[in-house]
Amino acid sequence: MGTIKRTLNKSVLSAVVFFTLLLSVCLGIIGYRTYYSGVIQQYQKYERDVLTLAVNDFDWDSIDECIKNGSEDASFQKLRERLDYIKTNTNIDWLYMVEPLNTEENDNMKYICTGNTPENYAGYKASGEDFVRLGKLSGNEYPPDVAGKYLDFFKNSKPGEFWYYPNKTEWGYAYTTSIVVRNSSGKALGVMSVDIYMHEIETTMRVYPTTVFFATLILAGLFVLLLTRWMNRRVINPLKSLQVSASDFVARANGEDVDSLNFDAPKINTQDEIQALSDSLIEMTMDTKKYMTKLLVETKEREKISADLNAAAQIQDGMLPHIFPGIPDRTDFELFASMNPAKDVGGDFYDFFFIDKDHLALVIADVSGKGIPAALFMVISKTIIKNRASIGDSLSPAQILHDANNQLCEGNASGLFVTVWLGIIDLNTGLIKAANAGHEYPAIRQPGKKFELLKDSHGFVLAGLEGSKYKEYEIQLEPGATIFVYTDGVPEATNANNELFELDRLEKALNINPEAKPKDLLPIIRREVDRFVGDAPQFDDLTMLSLTYYGRK
């Protein structure tokens with residue numbers, strides 16, 4: 001017990017020290033960034049105000065003419081006087097207007113005008129230099145990367161947009177704000193920029209981390225000392241008592257006698273969450289006894305549900321035809337189908353049946369949703385479609401789907417629907433009359449050719465809207481031709497990277513061996529889907545049906 005106590009104390013102490021220092025560092029960083037951000041915002045606002053004062057309410061059309069002619073006329077002198085006035089009466093270091101030219105090493109900028117104070121002019125005169133005039137090239141003042149930023153802003157900025165650029169110069173860090181100056185027609189004349197050296201913020205930021213560091217160490221030491229003593233008295237020792245009682249409870253819970261499960265609660269009177277935890281543990285033991293008793297009952301019920309689901313799956317599977325082609329002595333066609341539900345039972349189904357001795361109906365369908373509700377709706381849909389098609393008064397798939405839709409819409413409180421492809425093939429001629437109620441495109445292969453998707457016209461899903469009409473079309477199968485239909489579980493099969501199998505991969509899979517018989521073709525498709533999906537779970541039912549037409553001999 002003593003070893004556990006020392007280990008717990010050390011863990012708590014280490015955690016307290018670590019998180020205290022971490023919190024202090026985080027607060028220091030947040031304070032640093034908050035202060036820095038506030039100062040930068042002040043720079044931005046001040047420089048925006050200066051630029052607004054320099055740019056607004058001025059005849060820039062006249063300056064445009066000056067730039068074109070390379071002459072400094074009276075309007076240009078007014079601009080120089082304005083910039084000089086602003087430079088003299090504000091706390092800025094540079095105010096200038098340039099035209100970005102290129103990103104070369106030298107002469108990548110052309111000066112238009114700069115603002116100067118009387119002291120600046122005196123300095124120019126004392127050094128024998130002339131102040132910057134219209135058209136002066138920048139020489140090597142701007143590195144190519146900086147010139148590139150100016151050029152990009154000059155060409156691509158929006159009217160009134162500001163550009164902020166903190167940069168390091170030979171005189172120290174400066175904060176630059178710029179705006180593109182435009183004439184009355186919106187033509188960009190140049191970039192007006194303001195520079196302010198950040199001496200004040202640099203000095204403050206150098207002192208700030210040291211101050212925060214030493215203050216953090218002192219406060220963290222005091223905090224750790226006080227918090228550790230408090231934690232031992234109010235948290236660690238009571239938790240230790242609870243741990244002993246809980247361990248005893250767990251040891252007895254491993255036995256088979258549920259009635260012997262009792263929690264020997266320690267005497268804790270902290271009047272806080274620790275005491276509430278003790279009370280909760282007592283309630284937990286009572287709930288655990290009830291839960292274990294209930295679990296025994298539910299386990300038996302789940303076993304019964306599992307057995308019922310297995311029976312339902314067998315019943316559903318039994319409703320689908322499994323003898324291919326259904327009548328052993330038929331040689332004019334060959335047919336094969338398969339259905340693999342995503343859950344124990346699914347909503348997909350296929351069907352094929354003779355309407356008369358010369359006409360065979362092919363059905364492939366997909367009910368919205370999964371599980372038992374979809375399975376029940378699948379049974380109803382399959383029954384209604386087959387009954388309507390078997391009446392014999394119509395060989396029109398469009399009419400069959402129309403009538404089936406109206407029946408399925410009646411009392412469809414659950415809001416389920418089903419997509420259906422229905423085709424009726426005349427076995428004398430190979431002509432298929434088909435209709436599509438929101439289902440996938442069929443794939444057709446004529447003799448000697450490859451499979452191609454037939455992008456037929458889709459009607460609305462069944463059970464979606466009463467009175468829906470469906471368009472009928474024809475497919476002529478030559479002797480030796482194959483038709484392949486499927487549900488969306490094939491193209492929408494998803495791998496671990498959330499990529500879909502999609503129709504392109506399906507078409508390639510069909511053409512791996514396009515001459516394959518239906519019973520061999522479907523396993524090829526399933527193999528390619530499984531290879532693509534890999535270890536990812538199957539999210540949707542996967543159903544396929546294929547028929548090869550040989551013709552009457």
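The analysis underlying the following values was restricted to heavy atoms, covering all of them including side chains, and did not include hydrogens, waters or symmetry mates.
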Problem set entry | Residues forming a salt bridge (Lys or Arg N to Asp or Glu O under 4.0 Å) with Asp488, sequence neighbours excluded |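 By the salt bridge (Lys or Arg N to Asp or Glu O under 4.0 Å) rule, Asp488 matches no residue at all.
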For this session: Please identify each residue that fulfils ring-ring contact (aromatic ring centres under 6.0 Å, His included) with Tyr549, with sequence neighbours left out.
Result: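 Checked Tyr549 against ring-ring contact (aromatic ring centres under 6.0 Å, His included); zero matches.
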Exercise. Do any pairs count as a side chain to side chain donor-acceptor pair (under 3.5 Å) and have a residue in residues 498-520, sequence neighbours left out, and if so which ones?
Worked result: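 The answer is Asn495-Glu499.
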Problem set entry | side chain to side chain donor-acceptor pair (under 3.5 Å) contacts touching residues 154-166 (sequence neighbours left out) | Arg48-Tyr164, Asp152-Asn156, Ser157-Arg182
Problem set entry | Residue pair Val490 / Thr543: nearest heavy atoms and the distance that separates them | CG2-O, 4.4 Å
Problem set entry | ring-ring contact (aromatic ring centres under 6.0 Å, His included) partners of residues 398-447, not counting sequence neighbours, each pair once | Tyr441-His458
Problem set entry | Phe352 CZ to Leu547 CG distance, which is reported to the nearest 0.5 Å |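 Between atom CZ of Phe352 and atom CG of Leu547 there are 9.5 Å.
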Any side-chain to backbone donor/acceptor pair from [X] onto [Y]? Under 3.5 Å, distance only.
X      : Y      : result
Ser396 : Gln399 : yes
Asn405 : Leu401 : no
Thr548 : Ser546 : no
Asp358 : Asn428 : no

For this session: Ignoring hydrogens and angles, state whether a donor on the side chain of Asn183 or Ser185 is under 3.5 Å from an acceptor on the partner side chain.
Result: yes
Problem set entry | Between Asp366 and Thr487, a side-chain donor and acceptor under 3.5 Å | no
Could you work out, with side-chain hydrogen bond (donor to acceptor under 3.5 Å, both in side chains) as the rule, every residue matching [X], not counting sequence neighbours?
X      : value
Asn340 : Arg526
Gln476 : none
Glu47  : Thr177

Exercise. Looking at residues at least two apart in the chain, or sitting in another chain, which of them share a side-chain contact (heavy atoms from CB on, under 4.5 Å) with Glu474?
Worked result: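 If we apply the side-chain contact (heavy atoms from CB on, under 4.5 Å) test to Glu474, skipping adjacent residues, the hits are Leu431, Lys433.
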Exercise. Who are the side-chain contact (heavy atoms from CB on, under 4.5 Å) partners of Asn412, not counting sequence neighbours?
Worked result: Phe377, Ser414, Leu416, Ala463
Exercise. Pairs in or reaching into residues 456-472: which pass salt bridge (charged side-chain N to carboxylate O under 4.0 Å, His left out), with residues at least two apart or in two chains?
Worked result: none
Exercise. Can you pull the salt bridge (charged side-chain N to carboxylate O under 4.0 Å, His left out) pairs that have at least one residue in residues 400-417, sequence neighbours excluded?
Worked result: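 Found Arg388-Asp403.
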For this session: Have a look at Phe451 and tell me which of Ile512, Leu510, Ile444 forms a side chain to side chain contact (heavy atoms under 4.5 Å, CB included) with it.
Result: Leu510
